[in-house]
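Fair warning: this is a prediction, and the values are worked out from it, not measured in the lab.
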Amino acid sequence: MPMARDVLVEVAKLHGVCIRPVPLRRLDIVTGKSEIIDVPCGSTLDSKCPPCAKRNRQLRMAQCREGWHLDTEPTITPDEPNEEQRWLVEFRADMLAKRDAAEQAGDDTTDLDAVLSGLDEEINAAGMRGSVTGSAVPRRTRSTRRRQDAPDLPKRKMVNTTLGRTFTSSDGRVYRPSLFVTLTLPSYGKVREGVPIDPDTYDYARAARDALHFSKLVDRFVQNLRRVAGYDVQYFAAVEPQKRLAPHLHIAIRGTLPRAEIKQIAAATYHQVWWPSADEVRFDGDRLPVWDEEAGYLDPATGEVLPTWDEALDALDEDAEPLHVIRFGNQVDVQGVLAGTPDADQCIRYLSKYLTKSIGETLDGGQAQREHAARMVDALRYEPCSPSCPNWLRYGVQPKNAKAGMAPGRCRSKAHKPEHLGYAGRRVLVSRKWSNKTLAEHKQDRRTWVLEALGHADEPTDPHRYIWRPVPAGDANVPPLAVRLLRSVHERQRWRAHLRELEARASGQDLSAIPQAA
């Protein structure tokens with residue numbers, strides 16, 4: 001017989017109820033009422049919460065659909081600063097003046113630096129983007145001269161628009177086509193059904209580094225795409241795994257370019273990783289650098305202080321070669337897409353096909369593919385994933401912001417976890433002017449429709465009216481999870497019964513255009 005608790009979880013999934021709700025205490029500062037509210041976990045992965053993952057996938061699909069074939073320029077106008085935001089900036093100016101005065105007097109500025117850091121966090125929390133002072137760390141620059149082994153790219157004069165070209169047919173109809181492009185990484189060895197034919201000759205080291213730096217290559221492609229197109233190209237992209245476990249990119253592009261130019265851009269796009277050398281192992285096994293509170297990490301045999309991250313970068317002279325150069329492979333698929341066609345819907349479904357699964361969760365090739373994934377994880381184990389990765393100790397360099405307890409092979413970054421297989425970037429990449437809405441605004445559109453369908457007014461609430469606080473574990477006021485799920489299932493049943501009643505009344509109405517209430 002099935003367990004009653006398992007049946008409850010399955011029923012909750014069927015009704016679109018979050019199975020991992022987060023209890024938060026909400027205090028109404030107007031009425032003084034305090035209550036515990038279950039907030040959906042918001043997971044994007046089926047393995048954690050399928051209902052939340054499904055909602056996020058549907059939200060992304062709606063965002064992709066609305067922005068792909070816009071025919072009017074998006075208008076992004078920042079809000080006027082409010083009194084709180086102005087006060088925070090003015091207060092930070094006063095604190096900066098005090099810090100400068102203390103520095104000139106030779107006093108310790110540690111406390112004032114902490115105050116400034118806290119103010120920067122409050123400024124962002126108050127609804128402002130970026131930093132008031134910008135980055136205080138000077139950028140390291142390398143020569144912008146293109147590599148000799150990369151073809152040159154044409155460059156068009158930029159036009160201030162985000163819309164692509166339109167075409168008029170002989171019958172006077174105007175078409176605004178867009179593109180759906182798929183980009184892959186190069187081959188690392190022959191594979192059959194996603195598994196290397198000869199694992200001993202498969203280049204796992206290169207595959208690991210390509211996966212770690214794939215997000216930077218995507219950024220370079222977008223930069224080159226805009227240079228060649230001559231306008232502010234907008235895109236919606238998803239990073240998904242191939243059967244061979246290498247990440248590849250599906251990207252919906254607003255506007256169109258000749259297929260030959262897209263392939264030329266892909267061939268000319270590359271990214272150079274200007275990091276210290278990670279090809280010679282200096283410390284391994286039981287012979288690892290030791291930590292000193294004042295100097296950092298030391299050579300266990302000589303006591304010599306290992307070079308810091310900045311010192312290792314400074315040691316790279318003008319004739320140095322990059323640690324790694326990543327490029328796209330030869331396979332580039334380019335499709336033209338028109339708005340409202342079955343092809344457009346199919347491409348959107350393809351874009352979101354794997355969004356509810358991590359890269360490692362797509363394994364379906366049996367034991368052989370699992371062994372292939374294990375070899376990939378092993379290749380990633382000692383590969384540095386970032387400047388602060390502990391694996392740099394293996395190659396005689398102190399990681400950036402080094403601290404005690406670091407050891408090669410124990411990096412906690414998600415890039416080294418089996419479910420990510422080297423790719424630690426975002427799975428969905430959306431340009432700022434894609435749909436003229438933020439993801440929160442798309443979510444609000446769906447909420448507004450549901451409330452209107454249920455006969456409730458979607459009245460905006462004062463964001464400062466409620467104070468939200470986490471509920472401590474074991475709080476006696478929080479009912480057991482099973483009770484909370486039962487209540488949520490009942491509430492969802494009541495909503496759906498009301499919606500079905502409204503649909504029955506709306507005879508003759510086109511119900512196919514109504515989004516899913518869940």
Side-chain angles (χ1 to χ4, degrees), residues 1-59 84 114 117-119 121-127 356-358 361 405 412 414 417 419 439-440 443-444 446-451 453-499 516-518:
M1 294 184 293
M3 294 291 293
R5 180 67 64 86
D6 295 339
V7 175
L8 170 59
V9 171
E10 289 302 317
V11 170
K13 292 179 183 178
L14 290 174
H15 286 79
V17 172
C18 174
I19 61 174
R20 301 169 66 227
V22 180
L24 295 177
R25 185 175 298 280
R26 186 180 72 177
L27 174 63
D28 190 333
I29 63 176
V30 175
T31 64
K33 181 181 179 181
S34 175
E35 57 183 336
I36 295 178
I37 305 293
D38 269 343
V39 179
C41 67
S43 173
T44 59
L45 299 178
D46 277 337
S47 59
K48 295 182 178 179
C49 181
C52 286
K54 180 181 179 182
R55 278 194 294 272
N56 281 317
R57 179 174 178 268
Q58 290 174 340
L59 189 64
E84 178 189 7
S117 298
L119 281 174
E121 294 178 1
E122 290 190 37
I123 284 173
N124 292 141
T356 60
K357 298 181 181 295
S358 66
E361 289 176 340
R412 296 183 178 180
K414 69 178 186 179
K417 296 181 179 178
E419 59 266 31
L439 195 62
K443 188 179 297 184
Q444 182 62 35
R446 297 169 66 83
R447 169 185 166 84
T448 299
W449 182 90
V450 172
L451 289 176
L454 294 173
H456 300 295
D458 185 18
E459 299 178 356
T461 58
D462 182 2
H464 302 289
R465 177 174 177 176
Y466 298 105
I467 299 177
W468 297 83
R469 292 287 184 268
V471 179
D475 191 314
N477 295 316
V478 180
L481 177 60
V483 175
R484 291 150 56 201
L485 289 181
L486 286 170
R487 291 172 178 172
S488 297
V489 168
H490 165 71
E491 188 72 8
R492 190 57 61 92
Q493 286 178 321
R494 187 175 64 83
W495 289 355
R496 290 192 171 180
H498 192 177
L499 285 174
Q516 293 293 325

Residue set satisfying side-chain hydrogen bond (donor to acceptor under 3.5 Å, both in side chains) with Asn477, at least two apart, ordered chain then number -> Asp475
Tell me every residue that passes side-chain hydrogen bond (donor to acceptor under 3.5 Å, both in side chains) with Asp28, counting only those two or more places apart in sequence or in another chain.
Thr31, Arg465
Over all heavy atoms of both residues, which pair between Val471 and Pro23 is shortest? Give the atoms and the distance, please.
CG2-O, 3.5 Å
Can you tell if the side chain of Pro21 reaches within under 4.5 Å of the side chain of Leu481, non-hydrogen atoms only?
yes
Show me, pair by pair, the donor-acceptor contacts under 3.5 angstrom made by side chains of residues 7-14, not counting sequence neighbours?
none

Leu439 CG to Asn56 CG distance, which is reported to the nearest 0.5 Å
7.5 Å
Determine whether Pro40 and Arg55 make a side-chain contact, defined as any pair of heavy atoms from C-beta on separated by less than 4.5 Å.
yes
With sequence neighbours left out, the residues meeting side-chain hydrogen bond (donor to acceptor under 3.5 Å, both in side chains) with Thr356 are Asp46
Pairwise distance OH(Tyr466) to CZ(Arg25) - rounded to 0.5 angstrom
15.5 Å
In short, salt bridge (charged side-chain N to carboxylate O under 4.0 Å, His left out) pairs touching residues 479-489 with sequence neighbours left out are Asp38-Arg484
Applying side chain to side chain contact (heavy atoms under 4.5 Å, CB included), name anything that partners Glu122, two or more places apart in sequence or on another chain.
Leu88
Name all residues meeting the salt bridge (charged side-chain N to carboxylate O under 4.0 Å, His left out) criterion together with Glu491; count only those two or more places apart in sequence or in a different chain, and write none if there are none.
Arg494
Where Pro50 and Ile19 come nearest, the two heavy atoms and their spacing:
CD-CD1, 4.0 Å
Identify, with sequence neighbours excluded, every residue that meets side chain to side chain contact (heavy atoms under 4.5 Å, CB included) alongside Glu121.
none
Are the side chains of Val39 and Cys18 in touch, meaning some heavy atoms are under 4.5 Å apart?
no
Taken in chain and number order and not counting sequence neighbours, the residues that satisfy side chain to side chain contact (heavy atoms under 4.5 Å, CB included) with Ile467 are Leu27, Ile29, Arg469
Within this structure, what is the NZ-OG distance for the pair Lys417 and Ser358, rounded to the nearest 0.5 Å?
11.0 Å
Salt bridge (charged side-chain N to carboxylate O under 4.0 Å, His left out) filter on Arg5, not counting sequence neighbours, yields none
CG of Leu45 to SG of Cys52: how many Å apart, nearest 0.5 Å?
11.0 Å
Starting at NZ of Lys33, measure out to CZ of Arg26 and round the result to the nearest 0.5 Å.
7.5 Å
Please give me the minimum heavy-atom distance between Arg496 and His15, naming the atom from each residue.
NH2-O, 3.7 Å
Reported CZ-to-NZ distance for the pair Arg20 and Lys48, which is rounded to 0.5 angstrom:
6.5 Å
